[in-house]
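To start, the structure itself, in structure tokens.
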Amino acid sequence: MSYKEKSTLASILSGILILGAYCLYAFQPSRLAALPPGDLKPWAVTMLVFIGIGIGVTIVIQIVFHILLSVGLAVKAAVENQQNADQEIERSLKREMVEDERDKQIELKSMRIGFIVAGIGFVTALLSLVFYGSAVAMLNIMYLSFSVGSLLEGAGQLYYYRRGS
Amino acid sequence: MVKKFEISNNIRRLRFFASEMTQQELAEKVGVSRQTIIAIEAGKYSPTLELAFRIADVFGVGIGEVFQCDLKGE
């Protein structure tokens with residue numbers, strides 16, 4: 001499994017964790033009972049907080065991955081007792097981090113999956129407002145569809161990497 | 001109706017005749033990842049024209065010697 005596949009997998013797992021944490025926190029019965037009906041502000045605040053957490057976790061994961069990759073390469077160089085180990089580590093890092101036309105194509109293809117899911121979710125959210133009149137439900141459907149879209153984008157990326165393109 | 005083409009390549013053979021050039025060496029020479037070279041060699045990914053020319057240039061042959069189009073039918 002390449003560095004990009006591992007990194008994508010980690011992003012998917014963190015996305016699932018954050019989505020799960022949001023659902024557990026936002027839909028707990030005691031919280032729902034305490035919220036004034038129809039008030040969107042607490043929902044907007046919760047979503048903004050979780051978006052912030054998501055961005056933070058993604059950045060931390062990328063940093064941790066880079067560190068782990070460097071450590072792994074350093075250990076490998078030490079085990080193989082290579083001369084000029086530092087240069088070899090640098091070269092190996094560059095090799096792993098190369099982004100080429102296939103990566104861009106895979107990114108575009110999987111991004112399309114994410115947009116389709118988010119688009120369907122947006123329309124569903126509007127329909128829910130039209131038929132049920134609940135702005136809270138609309139907001140949640142939108143948030144969840146964007147989150148699920150992002151997860152499926154990652155899954156699509158993994159699929160295309162496994163398939164070749 | 002548009003005819004279907006299947007693109008095949010001789011990269012494995014050309015690497016062999018280029019002193020057993022490794023996939024990593026070829027990848028570094030053309031500026032892509034080793035995974036991309038693996039995918040191209042296996043026929044799972046069709047490179048852009050630019051990359052195809054760069055690969056041909058590494059082996060010092062024409063693009064037609066690296067990639068071939070097989071007509072599948074109408």
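Computed from a prediction, not measured in an experiment: that's the story for all the values here. Chain naming here is simple, since letters A, B, ... match the order of the sequence lines and numbering starts at 1 in each.
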Applying ring pair (Phe, Tyr, Trp, His ring centres under 6.0 Å), name anything that partners A:Tyr161, two or more places apart in sequence or on another chain. none
Using the ring pair (Phe, Tyr, Trp, His ring centres under 6.0 Å) criterion, which residues pair with A:Phe50? Sequence neighbours excluded. A:Tyr22
Under the 3.5 angstrom rule, does the side chain of [X] hit a backbone N or O of [Y] as a donor-acceptor pair?
X: A:Asp100; Y: A:Asp103; value: yes
X: A:Ser110; Y: A:Ile106; value: yes
X: B:Asp57; Y: B:Phe53; value: no
X: A:Thr8; Y: A:Lys4; value: yes
X: A:Gln28; Y: A:Tyr25; value: yes

To the nearest 0.5 Å, tell me how far A:Phe115 CZ sits from A:Ser150 OG. 11.0 Å
A:Glu99 versus chain B, heavy atoms under 4.5 Å apart: side chain, backbone, both or neither? neither
Give me the atom names and distance for the closest heavy-atom approach of A:Leu151 to A:Ile16. CD2-N, 3.7 Å
Shortest non-hydrogen contact between A:Ser14 and A:Ile61, atoms and distance: CB-CD1, 3.3 Å
Residues in residues 31-50 of chain B that sit under 4.5 Å from chain A, counting heavy atoms only: B:Gly31, B:Val32, B:Ser33, B:Gln35, B:Thr36, B:Ala39, B:Lys44, B:Tyr45, B:Pro47, B:Thr48
What are the residues of residues 8-28 of chain B, in order of number, with any heavy atom under 4.5 angstrom from a heavy atom of chain A? B:Gln24, B:Glu28
